[in-house]
Amino acid sequence: DVKVTQSSRYLVKRTGEKVFLECVQDMDHENMFWYRQDPGLGLRLIYFSYDVKMKEKGDIPEGYSVSREKKERFSLILESASTNQTSMYLCASSKTQSTDTQYFGPGTRLTVL
Amino acid sequence: QKEVEQDPGPLSVPEGAIVSLNCTYSNSAFQYFMWYRQYSRKGPELLMYTYSSGNKEDGRFTAQVDKSSKYISLFIRDSQPSDSATYLCAMSPGEKLTFGTGTRLTIIP
């Protein structure tokens with residue numbers, strides 16, 4: 001069974017703080033993704049990675065960065081959190097192609113005050 | 001205009017009814033079409049996967065793709081309360097996925 005875990009279910013941070021969201025998958029998947037999910041906007045891709053140390057911008061990368069030092073771990077970094085980054089953040093992984101089944105973690109609800 | 005349009009609902013139907021969920025899209029390069037189901041406070045999980053046009057059936061679920069009309073559908077037969085969830089369509093030309101906004105479905109016992 002594929003398992004994707006995220007470091008926190010709920011997180012509250014203050015404006016300007018540096019925020020780290022971590023994601024770990026246990027199925028040796030090559031691709032990993034970070035999305036944010038907002039009412040009325042659906043899932044939007046922030047960044048994805050198809051290999052260790054590789055990253056590609058998604059549709060809304062502004063204000064975010066990522067790190068993938070190990071195959072199983074993909075981190076999303078908010079350098080200076082802002083209130084408009086309050087959202088549900090979902091991590092996903094897929095075996096080789098982006099169009100392979102994506103397996104999602106449970107999500108992190110981030111609130112920036 | 002969004003690349004993928006999906007009616008957000010909410011949609012409420014009685015148990016046992018046939019449910020029809022739909023998405024339209026504008027990008028003719030989309031070749032891969034998926035339906036994900038998301039229960040409350042959980043991540044989405046893949047429900048149906050279709051490549052190009054045609055129908056695919058899996059138990060009570062049928063996915064249809066009409067590329068000429070740029071329209072995809074998910075049908076749920078004999079709907080159950082456990083089908084209550086948000087259903088997201090997703091599609092891709094071969095790279096990253098583009099998701100619809102999701103339709104919230106409630107099956108009333």
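In what follows, every chain begins at residue 1, and chains take the letters A, B, ... in the order their sequences are listed.
Heavy-atom contacts from other residues, nucleotides or ligands closer than 6.0 Å to NZ of B/Lys2 number more than 12. Around CZ of A/Arg44, the count of heavy atoms belonging to other residues, nucleotides or ligands within 6.0 Å exceeds 12. For A/Arg14, the CZ atom counts as loosely surrounded, since its 6.0 Å shell holds 12 or fewer non-hydrogen atoms of other residues, nucleotides or ligands.
Hydrophobic clustering (ILVMFWY, side-chain heavy atoms < 4.5 Å, transitive): B/Tyr32 and B/Ile72 are in distinct clusters. Cluster annotation: A/Val24 and A/Val66 are assigned to distinct hydrophobic clusters (Ile/Leu/Val/Met/Phe/Trp/Tyr, side-chain heavy-atom contacts under 4.5 Å, transitive). Using a 4.5 Å cut-off between side-chain heavy atoms of Ile, Leu, Val, Met, Phe, Trp and Tyr, with links allowed through other members, B/Ile107 and B/Ile76 fall into the same hydrophobic cluster. Under a hydrophobic-cluster definition in which Ile, Leu, Val, Met, Phe, Trp and Tyr are linked whenever side-chain heavy atoms come within less than 4.5 Å, directly or via other members, A/Leu21 and A/Met88 are assigned to different clusters. The same ILVMFWY cluster, assembled from side-chain heavy atoms under 4.5 Å apart, contains both A/Leu76 and A/Met32.
Heavy atoms closer than 4.5 Å to chain B are found in the side chain of A/Tyr35, but not in its backbone. Proximity to chain B (any heavy atom under 4.5 Å) is restricted, for A/Arg9, to the side chain, taken from C-beta onward. At a 4.5 Å heavy-atom cutoff, the contact between B/Met34 and chain A is made by side-chain atoms alone. Both the backbone and the side chain of B/Lys96 come within contact range of chain A, with heavy atoms under 4.5 Å apart. Neither the backbone nor the side chain of A/Tyr89 has a heavy atom closer than 4.5 Å to any heavy atom of chain B. Interface residue A/Leu43: backbone and side-chain heavy atoms are both found under 4.5 Å from chain B. For B/Pro8, no part sits under 4.5 Å from any heavy atom of chain A, backbone or side chain. Within the 4.5 angstrom heavy-atom criterion, only side-chain atoms of B/Gln38, from C-beta onward, approach chain A.
In this structure, B/Arg41 contributes its side chain and A/Gly107 its backbone to no donor-acceptor pair below 3.5 Å. Distance alone, capped at 3.5 Å, is enough to place a donor-acceptor pair between the B/Tyr36 side chain and the A/Gln102 backbone.
Between the CG atom of B/Leu97 and the CG atom of A/Asp100 there is a distance of 10.0 Å, given to the nearest 0.5 Å. Note that CZ of A/Phe104 is 15.0 Å distant from NZ of B/Lys42, once rounded to the nearest 0.5 Å.
When every heavy atom of A/Leu90 is checked against every heavy atom of B/Pro44, the shortest pair comes out as CD1-CD, 4.0 Å. Pairing each heavy atom of A/Thr101 with each of B/Leu46, the nearest pair is OG1-CD2, 3.1 Å.
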Worked verdict on B/Leu88 versus A/Gln37 for side-chain contact (heavy atoms from CB on, under 4.5 Å): CA-CA 12 Å; B/Leu88 302 125; A/Gln37 185 174 30; 4.2 Å; yes
